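Since the structure comes first, as structure tokens, the remarks are kept for the end.
FYI, side chains are in, hydrogens and waters are out, and symmetry mates aren't considered; it's all heavy atoms of this structure. The structure displayed is predicted, hence computed values, not measured ones.
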Amino acid sequence: MISLSRFLQRTESVVVTKQVRRCLSAQTDGEVRITRILKEKFPQATSVKVLDISGGCGAMYEVHLESDEFKGKRTVQQHQLVNQALKDEIQGMHGLRIFTEVPRK
């Protein structure tokens with residue numbers, strides 16, 4: 001039986017290896033496509049970040065979007081705008097995590 005500390009050491013090295021590999025790799029096709037759509041739909045966006053959090057299969061994404069277009073809107077309204085912009089892509093997804101912000105001046 002493997003000790004807990006040895007298991008954690010092995011697990012930690014695997015996680016770090018995956019993170020390093022992911023950081024060194026290029027964006028997936030899905031990440032590029034979603035980024036392009038968001039930049040088109042939110043031309044005032046100062047930051048658009050899309051990450052495939054499904055391990056590369058395109059089933060789940062995390063979106064970070066910063067735009068003046070969100071000014072004066074509640075979080076749920078901001079997320080509705082993102083959902084509307086990605087309505088065609090969402091049909092083929094398992095899930096979507098959305099994080100929106102108004103740029104700080």
Side-chain angles (χ1 to χ4, degrees):
M1 190 156 135
I2 189 170
S3 71
L4 180 58
S5 62
R6 284 185 73 184
F7 173 77
L8 291 175
Q9 288 173 344
R10 287 183 182 176
T11 304
E12 186 177 338
S13 66
V14 170
V15 171
V16 169
T17 303
K18 284 182 181 179
Q19 288 173 347
V20 169
R21 188 178 315 135
R22 176 70 177 123
C23 289
L24 296 175
S25 67
Q27 285 186 308
T28 66
D29 291 340
E31 290 170 338
V32 171
R33 186 178 63 254
I34 292 169
T35 300
R36 180 183 46 79
I37 291 167
L38 290 173
K39 285 181 177 181
E40 288 173 5
K41 300 287 184 174
F42 299 95
Q44 297 177 22
T46 55
S47 177
V48 178
K49 296 176 188 166
V50 178
L51 181 63
D52 183 339
I53 56 175
S54 64
C57 72
M60 189 160 183
Y61 290 90
E62 185 172 291
V63 171
H64 295 262
L65 188 59
E66 186 177 283
S67 177
D68 279 329
E69 293 159 274
F70 298 139
K71 188 176 267 181
K73 293 181 174 56
R74 295 187 322 260
T75 302
V76 70
Q77 294 170 317
Q78 296 172 14
H79 290 200
Q80 287 170 341
L81 290 172
V82 174
N83 279 314
Q84 182 62 30
L86 297 175
K87 67 180 178 189
D88 294 334
E89 278 63 36
I90 288 174
Q91 292 175 358
M93 291 182 198
H94 174 70
L96 178 66
R97 292 161 74 183
I98 302 171
F99 300 90
T100 54
E101 285 186 67
V102 175
R104 295 187 182 127
K105 304 261 174 170

task = List the atom of Asp52, the atom of Glu31, and the distance in Å for their closest heavy-atom pair.
result = N-OE2, 2.7 Å

query = Are any non-hydrogen side-chain atoms of Arg97 and Met60 less than 4.5 angstrom apart?
reply = yes

request  = Check whether any side-chain heavy atom of Glu89 sits under 4.5 Å from a side-chain heavy atom of Ile37, and report yes or no.
outcome  = yes

message = For Thr35, give me all partners under side-chain hydrogen bond (donor to acceptor under 3.5 Å, both in side chains), at least two apart in sequence or on another chain.
response = none

Atom pair CD/CG of Gln27 and Leu51 - distance to nearest 0.5 Å = 9.0 Å

query = According to the side-chain hydrogen bond (donor to acceptor under 3.5 Å, both in side chains) rule, which pairs have a member within residues 78-88, sequence neighbours left out?
reply = Gln78-Thr100, His79-Thr100

task = With sequence neighbours excluded, tell me which residues meet salt bridge (charged side-chain N to carboxylate O under 4.0 Å, His left out) with Asp68.
result = Lys105

Below 3.5 Å, can you tabulate the donor-acceptor pairs from side chains in residues 38-48 to any protein atom, sequence neighbours excluded?
residue: Glu40; atom: OE2; partner: Arg36; partner atom: NH1; Å: 3.4
residue: Thr46; atom: OG1; partner: Glu66; partner atom: O; Å: 3.4
residue: Thr46; atom: OG1; partner: Glu66; partner atom: OE2; Å: 2.7

Spacing of CD1 belonging to Ile34 relative to CD1 belonging to Ile90, to within rounding of 0.5 Å = 8.5 Å

remark   = Taken to the nearest 0.5 Å, the spacing of Leu65 CG from Leu81 CG works out to 9.5 Å

ask   = Within the side chain of Ser67, is there an N or O that forms a donor-acceptor pair under 3.5 Å with the backbone of Phe70?
value = no

query = Taking only residues two or more places apart in sequence or in another chain, which ones pass ring pair (Phe, Tyr, Trp, His ring centres under 6.0 Å) with His64?
reply = Phe99

request  = Applying salt bridge (charged side-chain N to carboxylate O under 4.0 Å, His left out), name anything that partners Glu101, two or more places apart in sequence or on another chain.
outcome  = none

